[in-house]
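This report concerns only the one structure given below.
No hydrogens, no waters, no symmetry mates; every other heavy atom, side chains included, goes into these values. Sequence positions, counted from 1, serve as the residue numbers for this chain.
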Amino acid sequence: TQINWEDSLDAIQNKIRGLDPYPGAWSFFVNQGNKDRFKIFKAYKREENHSFPLKKIIIEGNSLLVSTYEGFLICSEIQLPNKKRMSTKALLNGYRFDENAFVF
């Protein structure tokens, strides 16, 4: 159930939707030099051209976006290890991603 970030944006979104609530779609991420894993339970896509590198985590207001070939996956409900499932807005109230954060 690991997300392949090189898949199409539709395939990624459908995998997340299809695996909610169990077993859940997940991915690894690197933030502040630390590697960890997180689950994505709810997400939607935003198709657009951009100049960000593939798999980059971007914080835009209270939203967490992951860059893909076709645009962005906007994660709206996620779970970090040993934490409860929560909205991205709630997570970003206490957790910070650095400029170089990415998924794989």
Within the 4.5 Å heavy-atom criterion, are [X] and [Y] side-chain neighbours or not?
| X | Y | value |
| --- | --- | --- |
| Trp26 | Leu19 | no |
| Gln2 | Arg37 | no |
| Phe38 | Lys83 | no |
| Leu73 | Ile16 | yes |
| Lys15 | Ile12 | no |
| Ser27 | Lys55 | no |

Atom [atom1] in [X], atom [atom2] in [Y]: separation rounded to 0.5 Å?
| X | Y | atom1 | atom2 | result |
| --- | --- | --- | --- | --- |
| Asp7 | Glu70 | CG | CD | 9.5 Å |
| Phe29 | Ile40 | CZ | CD1 | 10.5 Å |
| Thr68 | Asn4 | OG1 | CG | 11.5 Å |

Using modelled atom types only, decide if a donor and an acceptor are shared between the side chain of Ser87 and the backbone of Glu77 within a distance under 3.5 Å.
no

Keeping Lys39 on the side-chain end and Pro23 on the backbone end, is there a donor-acceptor pair under 3.5 Å?
yes

Mind checking whether His50 and Phe52 have parallel, tilted or perpendicular rings, split at 30° and 60°?
tilted

For the pair Asn31 and Asp98, evaluate side chain to side chain contact (heavy atoms under 4.5 Å, CB included) and give the outcome as yes or no after the intermediate values.
CA-CA 6 Å; Asn31 184 38; Asp98 67 21; 3.5 Å; yes

I'd like to know whether CD of Glu99 has more than 12 heavy-atom contacts from other residues, nucleotides or ligands below 6.0 angstrom.
no

